[in-house]
Amino acid sequence: MADSYYMEEQESGWQAAVRRFLPLVLVILLVGALGTLLYSASTATRDHERALTEQRRSFEIIALARAFEAKTARAEVTLARYVISLDPDVGRLFQDQWRTASSQLKLLTYATRRSGWQRANVQELRQAFEERGKTLNEIGLRTTYDQKMTALGQFHQAGKSEELKHITKLLDRVIQAENGRLQERSLAVKLAGNRTQWVDRTSRLFGLVLFVCVLFALWMANAALTERRSARRIADMEAERADRMEAAVAARTVELSSAYEQLKKETAERAAAEENLRQMQKMDAVGQLTGGIAHDFNNMLAVVVGGLELAKRTLRLKPQEASRHLDNAMDGATRAAALTRRLLAFARSEPLLPSAVDPDMLVRDMAELIDRSIGDQIIVSFDNQAGGWHIFVDQHQMENAILNLCVNARDAMNGRGRLVIETRQALLAESEIGECAAGDYVVLSVTDDGCGMAPDVLARVFEPFFTTKPVGKGTGLGLSQIFGFVRQSHGEIRIESELGHGTSVQIYLPRRVSISGQSTGEAPLSDREPVLHPPTRILVVEDDPRVLNQTMAALAELGHLPVACDHPSKAAKLLTSHRDIGLIVSDVLMPDMTGPEMIRSLPAAYAHVPVLFVTGYAGDIAESSEFGGHQVLRKPYTLMGLSQALSNALNGSHHPGTAAAAE
């Protein structure tokens with residue numbers, strides 16, 4: 001029933017469309033036909049007039065040719081009379097008649113100027129006429145000078161000459177050519193007349209068709225009016241139905257709005273719960289690290305405090321012993337700074353930059369961090385067999401990957417077991433391990449004797465957010481992040497595991513080889529010999545008075561001339577009063593304005609002054625774009641590190657990042 005109604009409605013729509021557009025189509029066709037007819041009539045009339053004009057021109061040329069021929073013959077007859085009678089008046093009459101013939105020839109030349117087929121004939125006729133004129137003029141001159149017999153003889157010869165025959169032949173050729181052209185033009189006149197008659201008949205027929213179309217248009221207008229009345233009734237019915245549907249839609253919209261608000265509320269609650277879960281996981285990781293690190297850090301602080309107190313007591317009486325105590329304090333502070341950097345590296349608060357790394361040294365340096373992270377109930381053993389080979393990786397990402405693998409192994413062993421961390425050399429063939437190219441590789445493996453993994457779990461371990469740990473114990477991102485890091489380092493990762501027999505994770509990384517063919521590392525910036533500079537006036541911007549005094553003293557110790565600035569708003573004024581300032585040393589985090597903001601706010605006249613940023617928050621260094629390419633020095637730093645950073649800044653070395661650090 002519904003299909004039948006739909007088909008009837010569709011058919012009615014087609015009929016309405018036909019009735020609506022058919023008059024327009026007819027009007028367009030009629031206008032086009034009328035334009036074509038008018039154009040044809042105009043063309044036919046124009047062609048008829050052109051044909052008549054050409055026909056008249058042909059008649060005119062023939063008449064001029066005949067008149068020229070008659071004038072020429074009459075002039076020759078007059079010349080004969082003059083030769084016989086020797087009457088001067090007859091001689092003058094000959095001259096007038098010959099000039100008239102010449103005028104007739106000029107008219108003929110002008111009339112045929114657009115006739116290419118006559119131009120050569122007329123030109124040749126003119127030449128023959130001029131030659132004939134010379135002959136006749138010579139006869140007239142002899143007659144004038146009483147040489148009658150000679151003139152009669154020449155006239156007799158001129159009557160038999162080829163010039164006269166040639167002129168007659170040329171005139172016949174011109175007339176014949178024009179007669180042929182006249183026949184063509186007469187045919188054109190006839191055809192144009194026929195076209196005019198056809199246009200006239202067509203116009204009458206078109207008038208009849210137009211009358212029929214007007215009647216048809218009136219019928220269509222009446223049908224359209226009837227259809228419009230019917231459509232108005234249907235529209236009223238549809239409007240009533242639309243009102244009922246609108247009421248139903250409004251009611252449904254209210255229900256959907258309520259459901260949407262409920263869904264938003266549930267989504268917000270779920271997002272908050274997920275955020276709380278992530279925060280709990282972060283706090284759990286921090287708790288696992290800080291529990292073991294706090295002990296070591298306090299021990300290092302005890303070494304620093306104790307060494308400084310002993311040095312203070314023995315400085316005057318026992319300077320050598322005081323120096324030993326100061327060295328112990330410096331060693332403790334250096335170890336504390338290194339521990340802090342390693343903790344921040346684990347939290348990804350430092351920039352991620354690849355460098356040549358000794359894997360054996362890397363694993364040895366992480367021993368304390370690994371012990372504090374996985375607990376004392378797990379026995380960790382190291383087997384370092386890399387043999388001096390280096391790898392080119394981001395050291396912090398590498399440390400984070402090793403620590404993540406150790407934590408996963410701890411969870412698989414439920415906090416008790418044996419963990420082996422091994423490094424070794426390997427020579428791989430093409431695609432022997434994954435997509436690795438042929439060459440030398442360093443293999444780092446982490447092996448545990450935990451519960452192991454089933455084949456179905458092993459096949460999905462690298463999928464993001466896939467985890468077998470209980471809710472709140474893992475995010476499922478650890479192994480996927482390690483997989484991405486290893487691939488970015490042009491290496492491969494392989495996992496061997498058997499349910500109930502432990503797991504071994506093996507990371508294959510290409511060996512780093514220097515140009516000389518030896519695997520080498522890159523010396524840290526702080527170990528390089530700084531470039532010495534003459535004493536320089538340095539503006540020191542630091543809000544902490546103790547740090548400001550210490551920095552001023554360190555710069556003075558290095559032979560420079562520091563100028564103190566305890567607030568960033570005073571920097572511009574001090575630069576104006578000290579025109580010889582050659583470097584700005586600025587803290588990053590300060591009240592009211594950060595160091596980079598202060599540098600950007602300085603007048604353009606000081607844009608050439610080098611800048612060295614100093615920060616104690618490693619997260620600042622990650623935002624390298626904020627520093628505009630200037631050097632960044634991380635606290636705490638040694639005099640050697642400060643000297644190196646000053647050298648880089650004064651030399652114009654714009655490489656943002658950590659310039660030097662305490663070792």
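These figures come from a predicted structure and were not determined experimentally.
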Least distance between heavy atoms, [X] atom then [Y] atom:
X: Val563; Y: Met552; result: C-SD, 4.0 Å
X: Gln506; Y: Val443; result: CB-CG1, 4.3 Å
X: Gly582; Y: Thr536; result: CA-CG2, 4.0 Å
X: Tyr441; Y: Trp389; result: O-CZ3, 3.6 Å
X: Gly502; Y: Ser497; result: O-OG, 3.3 Å
X: Ile507; Y: Leu405; result: CD1-CD1, 4.0 Å

- Please determine if Arg494 and Glu496 form a salt bridge, counting it only when a charged side-chain N lies under 4.0 Å from a carboxylate O. yes

- Is Arg418 salt-bridged to Asp449, going by a charged N under 4.0 Å from an acidic O? no

- Given Ile581 and Tyr606, is the side-chain contact (heavy atoms from CB on, under 4.5 Å) satisfied, shown in steps? CA-CA 10 Å; Ile581 289 178; Tyr606 303 108; over 6 Å; no

Spacing of [atom1] belonging to [X] relative to [atom2] belonging to [Y], to within rounding of 0.5 Å:
X: Ser647; Y: Gln631; atom1: OG; atom2: CD; value: 10.0 Å
X: Met413; Y: Thr503; atom1: CE; atom2: OG1; value: 9.5 Å
X: Leu650; Y: Leu583; atom1: CG; atom2: CG; value: 5.0 Å
X: Ser586; Y: Leu612; atom1: OG; atom2: CG; value: 9.0 Å
X: Ser381; Y: Ile378; atom1: OG; atom2: CD1; value: 12.0 Å
X: Arg424; Y: Asn384; atom1: CZ; atom2: CG; value: 13.5 Å

- From the options Asp358, Asp383, Asp360, select the one residue that forms a side-chain hydrogen bond (donor to acceptor under 3.5 Å, both in side chains) with Thr423. Asp360

Is the backbone N or O of [Y] less than 3.5 Å from a side-chain atom of [X], with the two atoms forming a donor-acceptor pair by type?
X: His490; Y: Arg487; value: no
X: His390; Y: Gly388; value: yes
X: Thr551; Y: Val547; value: yes

Evaluate the side-chain proximity of [Y] to [X]: yes if any heavy-atom separation is below 4.5 Å, no if none is.
X: Ile421; Y: Ile370; value: yes
X: Val632; Y: Thr615; value: yes
X: Gln488; Y: Asp394; value: no
X: Val585; Y: Leu646; value: yes
X: Leu602; Y: Ile584; value: yes
X: Glu542; Y: Val614; value: no
X: Met453; Y: Ile495; value: yes
X: Ile402; Y: Met366; value: yes

- Message: Is it the case that atom CZ in Arg416 sees more than 12 heavy atoms from other parts of the structure closer than 6.0 Å?
- Response: no

- Counting heavy atoms not belonging to His567, are there more than 12 under 6.0 Å from its NE2? yes

Solution key, residues 425-439 side-chain donor-acceptor pairs under 3.5 Å, sequence neighbours excluded:
unit_1: Gln425; atom_1: NE2; unit_2: Ala386; atom_2: O; d: 2.8
unit_1: Glu430; atom_1: OE1; unit_2: Ala438; atom_2: N; d: 3.3
unit_1: Glu432; atom_1: OE1; unit_2: Ala429; atom_2: N; d: 2.8

- Give me the one residue out of Ile599, Thr594, Leu633 that meets side-chain contact (heavy atoms from CB on, under 4.5 Å) with Phe613. Ile599

- Stepwise side-chain contact (heavy atoms from CB on, under 4.5 Å) check, Leu509 with Leu444: CA-CA 8 Å; Leu509 294 170; Leu444 188 146; over 6 Å; no

- Message: Applying side-chain contact (heavy atoms from CB on, under 4.5 Å) to Asp544 and Asp587, what does each step give before you reach the verdict?
- Response: CA-CA 9 Å; Asp544 190 321; Asp587 192 16; over 6 Å; no

- Item | Evaluation steps, side-chain contact (heavy atoms from CB on, under 4.5 Å), between Leu539 and His578 | CA-CA 9 Å; Leu539 178 65; His578 296 80; over 6 Å; no

